[in-house]
Peer 1: 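What follows is a structure written as structure tokens; I'll ask about it next.
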Amino acid sequence: MNIQHLRIARPVADLIRSSEMYCHGLALHRIGAFEQHQGFSGVMLGRADLSWHLEFTRCDAHPLTPQVSDDDLLVLYIPVREPWLTCCTRMDQAGFQRRPAFNPYWDRQGVTFMDADGYRVVLQHAAWQP
């Protein structure tokens with residue numbers, strides 16, 4: 001199987017707030033958006049050098065309250081220390097809150113951040129090794 005790209009889609013309470021937090025925190029850019037497409041509005045965030053992007057959606061007719069758990073994670077591997085530290089600082093500045101990981105494994109080499117909807121992002125200071 002040849003998967004070309006990965007989109008991670010999540011409902012959010014506030015499209016603008018979520019977009020601004022993730023753009024600043026993860027140095028992402030708005031790569032697409034739609035308004036009232038069959039009742040849904042959304043924004044897509046990514047970068048040309050990534051093989052994935054985030055999509056945040058909102059349905060005004062049937063708004064969803066994000067339902068997340070403490071172990072529902074988006075894990076990003078950043079192996080070089082300086083870019084990892086810079087990204088951690090950007091996440092703090094963007095308004096993410098640092099949280100201890102539910103699974104202590106993620107605290108050994110990473111930092112867990114929580115956004116305004118309760119979604120968690122782990123910045124792991126390590127290289128991905130299958």
Side-chain angles (χ1 to χ4, degrees):
M1 176 185 332
N2 185 12
I3 298 172
Q4 176 204 12
H5 194 82
L6 172 68
R7 175 188 293 188
I8 300 160
R10 293 178 164 170
V12 296
D14 185 324
L15 288 173
I16 293 170
R17 178 183 62 198
S18 294
S19 297
E20 288 175 353
M21 286 180 76
Y22 280 83
C23 281
H24 184 81
L26 296 177
L28 300 176
H29 308 284
R30 185 175 170 157
I31 59 172
F34 54 93
E35 289 189 34
Q36 296 307 317
H37 181 262
Q38 297 180 326
F40 287 84
S41 296
V43 63
M44 289 160 274
L45 308 175
R47 288 196 319 255
D49 64 320
L50 300 174
S51 61
W52 58 273
H53 72 270
L54 301 175
E55 176 189 48
F56 298 131
T57 60
R58 175 128 177 101
C59 178
D60 291 327
H62 303 285
L64 293 175
T65 301
Q67 300 290 315
V68 299
S69 76
D70 292 345
D71 206 29
D72 179 5
L73 306 173
L74 172 65
V75 179
L76 302 173
Y77 290 82
I78 306 171
V80 179
R81 183 166 176 74
E82 287 307 314
W84 176 74
L85 288 172
T86 298
C87 196
C88 287
T89 299
R90 291 176 63 94
M91 294 290 278
D92 291 329
Q93 293 169 345
F96 287 84
Q97 297 177 9
R98 291 182 184 225
R99 290 287 190 261
F102 178 72
N103 178 341
Y105 169 81
W106 298 113
D107 289 333
R108 290 189 353 217
Q109 290 182 275
V111 178
T112 301
F113 295 89
M114 186 175 71
D115 72 13
D117 289 307
Y119 293 115
R120 294 173 188 247
V121 177
V122 175
L123 298 183
Q124 185 74 349
H125 180 220
W128 165 249
Q129 297 184 12

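The first residue in the sequence is number 1, and the count goes up from there.
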Peer 1: Under the salt bridge (charged side-chain N to carboxylate O under 4.0 Å, His left out) rule, collect the residues that match up with Arg90, sequence neighbours excluded.
Peer 2: none
Peer 1: What's in the same ILVMFWY side-chain cluster as Ile31, cut-off under 4.5 Å, chained through other members?
Peer 2: Phe34, Phe40, Met44
Peer 1: Could I get the full list of salt bridge (charged side-chain N to carboxylate O under 4.0 Å, His left out) partners for Asp14, not counting sequence neighbours?
Peer 2: none
Peer 1: Write out all pairs satisfying side-chain hydrogen bond (donor to acceptor under 3.5 Å, both in side chains) with one or both partners inside residues 66-75, taking only residues at least two apart or from two chains.
Peer 2: Asp70-Arg120
Peer 1: Which residue pairs pass the salt bridge (charged side-chain N to carboxylate O under 4.0 Å, His left out) test when at least one of the two sits in residues 18-47, sequence neighbours left out?
Peer 2: Arg47-Asp49
Peer 1: Taking ring-ring contact (aromatic ring centres under 6.0 Å, His included) as the definition, give me every residue that meets it alongside Tyr22, ordered by chain and number, with sequence neighbours left out.
Peer 2: Phe56, Phe96
Peer 1: Considering residues at least two apart in sequence or located in another chain, which fulfil the side chain to side chain donor-acceptor pair (under 3.5 Å) criterion with Gln124?
Peer 2: none
Peer 1: How would you list, by chain and number, every residue that makes a side chain to side chain donor-acceptor pair (under 3.5 Å) with Gln36, sequence neighbours excluded?
Peer 2: Ser41, Asp60
Peer 1: Taking all atoms of both residues into account, what is the closest heavy-atom pair of Asp117 and Ser18, and its distance?
Peer 2: OD2-OG, 3.4 Å
Peer 1: Which atom pair, heavy atoms only, marks the closest approach of Val43 to Ser19?
Peer 2: CG1-OG, 2.9 Å
Peer 1: Distance-only check: which donor-acceptor pairs under 3.5 Å involve side-chain atoms of residues 76-84, not counting sequence neighbours?
Peer 2:
unit_1: Trp84; atom_1: NE1; unit_2: Leu123; atom_2: O; d: 2.9

Peer 1: Could you measure the distance from the CG atom of Leu64 to the SG atom of Cys59? Nearest 0.5 Å is fine.
Peer 2: 7.0 Å
Peer 1: What residues, two or more places apart in sequence or in another chain, satisfy side chain to side chain contact (heavy atoms under 4.5 Å, CB included) together with Leu6?
Peer 2: Ile8, Trp52
Peer 1: Can you sort out the partners of His5 under ring-ring contact (aromatic ring centres under 6.0 Å, His included), two or more places apart, ordered by chain and number?
Peer 2: His53
Peer 1: Would you kindly confirm whether Met21 and Leu74 end up in one hydrophobic cluster when ILVMFWY residues are joined by side chain heavy atoms under 4.5 Å apart?
Peer 2: yes
Peer 1: Determine which pairs satisfy side-chain hydrogen bond (donor to acceptor under 3.5 Å, both in side chains) with at least one residue from residues 99-110, sequence neighbours left out, and list them in order.
Peer 2: Gln97-Arg99
Peer 1: Gly25 and Cys87: which non-hydrogen atoms are nearest, and at how many Å?
Peer 2: O-SG, 3.6 Å
Peer 1: Check whether any side-chain heavy atom of Phe113 lies under 4.5 Å from a side-chain heavy atom of Val122, and answer yes or no.
Peer 2: no
